[in-house]
Amino acid sequence: MMTLSNDEPTISPDDAATAAAVAAASTAAAAVAAIPPLKDDEHGLHHSFVTQHQHHIPQQHTMQHHPQHHAIPHGHPQDHDHLNSQINHQLQQHALAHPQLNHAPHHLDMLAQANEEDFLDSTNRKVAPRASDLFKIGPQFSETRHHQDIYCKSNDMDVNPILHARIDRGFEVGENGTWIGYKRNYFTLVASFTLENFSFDRFIQNKFYTYEKSSKNGESVGENKVEISYFAIRLVAKCSDDDVSISLIQHTAKRDKGPQFPPPIYPAVPGELPDHETVKASCNKRNNSKIEHMNKIFYYDRSDYYQHVNLDTLKDDSVLKNYPSDSIAKVARFERIQFTSSIRLKSTSVNSRYFTLHVELLGIIENEDSQIQPILLSSIETPPLIIRGRSPSNYHKDRTSGYRGHLHPQ
DNA sequence: TCCGACACATACAG
DNA sequence: TCTGTATGTGTCGG
């Protein structure tokens with residue numbers, strides 16, 4: 001359990017924003033600070049909940065205790081060969097579908113071409129840590145895949161959720177059309193969901209339900225109808241041929257000097273994905289008015305809504321009242337995410353090891369003991385991703401951000 | 001060989 | 001323009 005005192009001297013206001021996003025679980029929300037893994041959670045992950053968001057970042061802020069997370073190692077039932085072949089297939093499909101990606105120019109290429117005089121210089125130039133062109137749009141996610149149906153409580157209508165996500169930093173295409181990221185570097189991802197034929201107003205005036213698969217002694221014995229208290233978005237990573245306990249980690253802006261957490265689960269209402277430039281502009285803001293502006297894009301303020309319609313919280317009988325905090329994500333933003341250092345990157349097989357990132361829409365339900373539990377409703381995933389490790393050999397090839405130039409070595 | 005820790009450097013934010 | 005920050009990555013040593 002990580003504890004930070006209020007007078008932690010090295011923490012900036014921006015950290016408070018990050019910390020709030022990463023870690024905050026107020027005592028009031030502590031009851032929902034950690035949720036159990038999905039029943040079919042292959043990775044057995046525990047995530048924290050983002051239950052609060054600070055719209056006004058105080059100078060003297062508080063970083064609350066972070067709920068405990070335990071990676072639960074487990075032997076798991078993944079069909080490796082099948083998954084591998086599936087991923088290889090996806091990789092081929094992706095390369096076929098995006099031939100233009102095979103020769104994406106790189107800023108270092110352009111530098112090299114721009115000026116012969118500077119060429120030798122540029123061959124040894126590192127990627128600048130704060131270069132704004134580190135923000136690049138990553139691979140397209142798959143179509144939304146449904147795991148459990150959602151129904152509208154008022155008329156039992158089948159509701160179609162659509163997940164949206166984009167990687168905004170940390171991945172770029174290699175020479176074969178594969179997507180490459182670096183274990184040591186951050187990536188940024190945003191995600192949201194919408195419900196087809198549901199305007200926002202219609203959404204917040206309704207309730208929804210789904211079915212929970214029930215089982216006895218491991219045998220599936222049907223489904224129970226369960227009301228969805230609220231929706232949530234989470235990010236998980238999966239590996240092509242291995243089982244990795246917790247494979248993603250989130251840092252604060254302080255990186256080594258700050259705490260690290262698994263990416264939070266965001267309780268969320270439907271929202272549109274902001275464009276790439278907006279996400280890029282939202283990072284590392286310290287100016288309060290800019291932060292507030294960004295908060296309006298990424299968060300929904302329930303108390304504003306209640307005030308606006310002059311509705312007593314207690315009288316609200318919609319899905320909205322079940323959310324654990326007034327500040328609810330419209331867009332889940334995952335910043336400063338890295339694959340955990342514990343993942344192994346080299347595969348013993350001929351194929352290299354791939355990862356995929358999955359954005360999941362969860363329905364949070366309350367069982368008879370008032371325990372909350374997530375149900376996986378739908379998900380989207382990236383094409384296979386190659387994560388390069390720390391080996392210096394990864395920093396010399398393939399003209400990615402690790403490219404050091406080797407055409408004219410001195 | 002891998003990893004945590006520390007270090008250096010450099011564009012951004014204000 | 002100047003200062004503090006955030007972050008890619010170099011490096012040391014276990």
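Everything quoted here is computed from the prediction, not taken from an experiment. Within every chain, numbering begins at 1; the chains are lettered A, B, ... in the order of the sequence lines, protein sequences first and strands thereafter.
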Check your understanding: Listed by chain and number, what are the side chain to side chain donor-acceptor pair (under 3.5 Å) partners of Asp275(A), not counting sequence neighbours?
Key -> Thr278(A)

Practice item. Taking only the side-chain heavy atoms of Asn185(A) (C-beta and beyond), determine which of dA6(C), dT9(C), dG14(B) contains the nearest atom. Key: dT9(C)

Practice item. Considering non-hydrogen atoms only, spot the tightest contact between Val279(A) and Arg166(A) and give its length. Key: CG2-NH2, 3.5 Å

Check your understanding: Between Lys280(A) (NZ) and dA6(C) (P), how many Å, whole number?
Key -> 19 Å

Check your understanding: OP1 or OP2 of dC12(B) sitting under 4.0 Å from any side-chain N/O of Ser132(A)?
Key -> yes

Check your understanding: Is the distance between the ring centroids of Tyr266(A) and Phe334(A) under 6.0 Å?
Key -> yes

Practice item. Using whole Å, report how far NE2 of His251(A) lies from C1' of dA6(C). Key: 12 Å

Exercise for review: Can you tell me the distance, in whole Å, between the OH atom of Tyr186(A) and the P atom of dT9(C)?
Suggested key: 13 Å

Point to revise | Phe187(A) six-ring centre to Arg169(A) NZ/CZ under 6.0 Å and within 45° of normal | key: no

Review point. Which nucleotide, dT5(C), dA13(B), dT10(B), lies nearest any side-chain atom of Lys254(A)?
Key: dT5(C)

**Study point:** Separation of dC12(B) P from Arg169(A) CZ (nearest whole Å)
**Key:** 11 Å

Study note, to complete from the structure: Taken to the nearest whole Å, CG/Leu134(A) to P/dA9(B) is 19 Å

Review point. Listed by chain and number, what are the side chain to side chain donor-acceptor pair (under 3.5 Å) partners of Glu196(A), not counting sequence neighbours?
Key: Asn160(A)

Exercise for review: May I ask you to verify if any side-chain N or O of Lys290(A) is less than 4.0 angstrom from the OP1 or OP2 atom of dG14(B)?
Suggested key: yes

**Study point:** Aromatic contact, Tyr151(A) with Phe208(A) (centres under 6.0 Å)
**Key:** no

**Study point:** Asn284(A) side chain near dT7(C) phosphate (N/O to OP1/OP2, under 4.0 Å)
**Key:** yes

Check your understanding: Separation of Asn287(A) atom CG from dA13(B) atom P, in whole Å?
Key -> 11 Å

Point to revise | Tyr395(A) OH to dT7(C) C1', straight-line distance once rounded to whole Å | key: 12 Å

Practice item. Measure the distance from CZ on Arg130(A) to P on dA13(B) and round it to the nearest whole Å. Key: 6 Å

Practice item. Using a 4.0 Å heavy-atom cut-off, write out nucleotides 2-8 of chain B from 5' to 3' as B (base contacted by protein), S (sugar-phosphate only) or - (no contact). Key: SBBBBB-

Check your understanding: Any cation-pi pair here, Arg202(A) with Phe198(A), using under 6.0 Å and within 45°?
Key -> yes

